[in-house]
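Structure first, commentary second.
Keep in mind it's a predicted model, so treat the numbers as computed, not measured.
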Amino acid sequence: MNQKLNQLLDKQKNQYISKTKKSYEMQKISEKYMPGGSTRTTQWMEPYPFYADNAHGSIMTDIDGNNYLDFMINATSLILGHSSEEVKNVLNTQIQKGTAYSAPTDGQAKLAKLITDRTRSMETLRFTNSGTEATMMAIMAARAYTQKHKIAKFEGGYHGTHDHVSISVSPKAEDLKESTHPGILQYPGQPKSLLNDVIVLPFNDIEKSKELINAHREDLACLIMEPVISGLGYLPLKQNFLQFTRDITNELDIVLIYDEIQSYRLAPGGAQEIFGITPDLTSLGKIIGGGLPVGAFGGKEEIMETLNPSSNNYKLSHAGTFNGNPLTMEAGAAVMSTLTKDKYTNMNSMGDSLRIKLNSIFDELEIDSQITGIGSLFGINFNSNKIKDYRSFINNNNLLTKVLFMGLLNNGVLMQTKNAGALNIKTTENDLNKLVGLVRDISTEIKSNL
Ligand SMILES: Cc1ncc(COP(=O)(O)O)c(C=O)c1O
């Protein structure tokens with residue numbers, strides 16, 4: 001089976017190479033100046049990435065003139081689609097007035113109000129330039145507030161690239177031990193001492209998580225988690241597990257941090273609104289910057305007061321040359337004001353019907369698979385086990401994943417390389433029919449090569 005599928009994948013790669021000659025040349029030039037030719041690991045794909053020229057709505061066009069129906073939309077961030085009029089208008093105005101000041105602008109307060117008004121957990125917030133900084137600062141605020149140093153996170157949980165969350169993010173199957181803790185370092189030379197401070201828990205396993213949290217309860221400042229796991233095809237955590245994490249952190253005075261950098265697009269108040277759970281702190285990113293670099297963290301006022309230089313509780317400095325950049329603030333405010341409740345409802349119900357259609361393809365073809373996701377986020381997984389945590393997710397069949405990804409790409413549909421994706425408000429029924437039709441055709445070809 002593998003031989004035939006590998007031949008199919010080679011054929012697909014050759015087809016891609018023949019369509020992306022200018023991108024290949026650009027990649028060779030870029031490789032001279034940047035490792036891997038790029039400045040972002042997630043821009044890499046085999047055999048090389050295509051280079052973007054422009055993008056409008058749901059369509060991205062590369063420098064060879066190929067069009068892609070874009071379900072990646074810059075890692076789910078462009079919820080109004082590419083080059084939206086709403087964002088372009090406010091950027092055009094702001095750019096005439098200046099691009100960065102050392103003084104605050106009214107744009108900061110405007111976006112902060114839009115977010116705090118709709119997000120139950122966020123009484124006050126601070127802006128950052130990325131999601132990585134948002135989770136880093138949320139953890140630092142939890143530490144400053146509790147005056148404790150350990151943090152708990154989940155195996156397979158991604159929260160950006162800083163060291164304390166870079167433990168057991170994507171360990172190889174062969175390195176996994178029976179227990180999740182102590183965790184696994186992400187790169188050689190990463191300080192082993194981090195393993196003492198970062199407690200790694202298994203998703204959806206109440207008993208083991210309870211045991212580990214209790215064992216470290218005296219030193220734990222926070223538990224950081226996503227309610228919907230981006231790296232596992234947008235798997236929503238089970239409601240009783242989410243409730244357990246809220247209850248135990250309340251009971252032990254551990255700060256519960258929700259990383260809603262991706263899941264914030266699911267409802268006006270994020271996934272926490274859908275699940276009816278209020279964390280102590282929340283970190284955000286992606287959609288709230290209107291397509292410009294952004295992050296934010298916020299929550300209970302008494303925790304956030306640790307960042308207030310005029311408060312007696314001031315404990316934590318938070319600088320950043322471009323924090324609250326006026327362009328980002330205006331673009332973010334334009335997006336958040338456009339996102340009325342009906343927009344979420346519409347995108348989410350399109351996501352529901354997409355998942356039903358995708359499921360029925362694989363049922364018909366009798367290919368082991370699981371369609372994961374919630375609302376406007378979805379993932380296609382070739383897996384014979386029920387996905388419930390990192391360990392079950394990494395049983396996904398890599399070869400089938402690559403063949404589907406490459407097949408879609410060659411036919412003008414861009415997904416994340418693990419075949420997860422996101423809708424945007426410009427996504428149409430026709431777009432979804434195109435995706436479903438291609439998934440059916442490519443999976444039929446896969447079936448005939450199994
Ligand atoms: C869940 C989650 N947390 C944190 C981050 C880091 O955000 P950024 O890439 O803006 O640093 C990401 C980015 O993909 C993410 O998906």
Side-chain angles (χ1 to χ4, degrees), residues 40 52-61 70-119 122 124-134 137 260-270 273 282-298 318 320-347 376 422-428:
R40 184 176 171 193
D53 182 63
N54 66 78
H56 301 276
S58 300
I59 303 291
M60 175 153 49
T61 305
D70 188 1
F71 289 101
M72 199 163 174
I73 46 170
N74 195 31
T76 74
S77 61
L78 299 167
I79 198 162
L80 304 192
H82 292 277
S83 310
S84 75
E85 290 305 318
E86 293 88 344
V87 170
K88 281 194 297 193
N89 287 342
V90 292
L91 286 180
N92 283 338
T93 307
Q94 181 59 43
I95 221 156
Q96 306 304 325
K97 295 166 67 180
T99 57
Y101 323 102
S102 48
T105 59
D106 60 354
Q108 291 185 2
K110 187 165 56 181
L111 183 55
K113 176 169 169 34
L114 278 164
I115 294 172
T116 53
D117 279 355
R118 57 211 278 161
T119 319
M122 296 177 96
T124 61
L125 63 74
R126 279 280 180 104
F127 291 107
T128 61
N129 298 297
S130 66
T132 289
E133 287 168 70
M137 289 308 306
E260 291 233 46
I261 287 165
Q262 298 217 39
S263 58
Y264 195 57
R265 61 170 14 255
L266 294 174
E273 177 184 315
T282 299
S283 38
L284 302 177
K286 313 261 190 218
I287 66 163
I288 64 158
L292 277 77
V294 79
F297 65 103
H318 168 225
T321 305
F322 291 106
N323 289 356
N325 177 271
L327 291 169
T328 306
M329 297 297 103
E330 294 301 328
V335 169
M336 297 317 289
S337 334
T338 306
L339 285 176
T340 45
K341 207 172 168 101
D342 55 308
K343 300 268 191 326
Y344 294 91
T345 312
N346 189 37
M347 266 186 304
S376 59
L423 312 186
N424 71 80
I425 65 165
K426 307 260 167 55
T427 303
T428 62

Test item: [X] side-chain N/O and [Y] main-chain N/O as donor-acceptor pair under 3.5 Å:
X	Y	value
Arg118	Met336	yes
Arg265	Asn424	no
Ser77	Gly291	no

Taking all non-hydrogen atoms of both residues, which atom of [X] and which atom of [Y] are closest, and how far apart?
X	Y	answer
Gly107	Glu330	CA-OE2, 3.6 Å
Lys286	Ala75	CD-O, 3.1 Å
Leu284	Ala134	O-CB, 3.7 Å
Ala296	Phe127	CB-CD2, 3.9 Å
Ala331	Val87	CB-CG1, 3.9 Å
Thr76	Ala422	CG2-CB, 3.7 Å

Using 0.5 Å steps for rounding, measure from the [atom1] atom of [X] to the [atom2] atom of [Y].
X	Y	atom1	atom2	result
His56	Thr61	NE2	OG1	7.0 Å
Met60	Asn74	CE	CG	8.5 Å
Asn54	His82	CG	NE2	9.5 Å
Tyr264	Glu273	OH	CD	9.0 Å
Ile79	Thr338	CD1	OG1	10.5 Å
Thr328	Leu91	OG1	CG	8.5 Å

For Ala100, enumerate each residue passing the side-chain contact (heavy atoms from CB on, under 4.5 Å) test, keeping only those at least two apart in sequence or located in another chain.
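Only Phe322, Asn325 meet the side-chain contact (heavy atoms from CB on, under 4.5 Å) criterion with Ala100.
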
Looking at residues at least two apart in the chain, or sitting in another chain, which of them share a side-chain contact (heavy atoms from CB on, under 4.5 Å) with His318?
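Applying side-chain contact (heavy atoms from CB on, under 4.5 Å) to His318 gives Arg126, Thr128, Met137, Phe297, Leu307, Asn323.
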
By the side-chain hydrogen bond (donor to acceptor under 3.5 Å, both in side chains) test, which pairs, at least two apart or in different chains, include something from residues 97-109?
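Those involving residues 97-109 are Gln94-Tyr101.
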
Would Leu78 and Val335 count as a side-chain contact (heavy atoms from CB on, under 4.5 Å) here? Give the steps.
CA-CA 9 Å; Leu78 299 167; Val335 169; over 6 Å; no

Between Ser84 and Lys426, is the side-chain contact (heavy atoms from CB on, under 4.5 Å) condition met? List the steps.
CA-CA 10 Å; Ser84 75; Lys426 307 260 167 55; 4.0 Å; yes

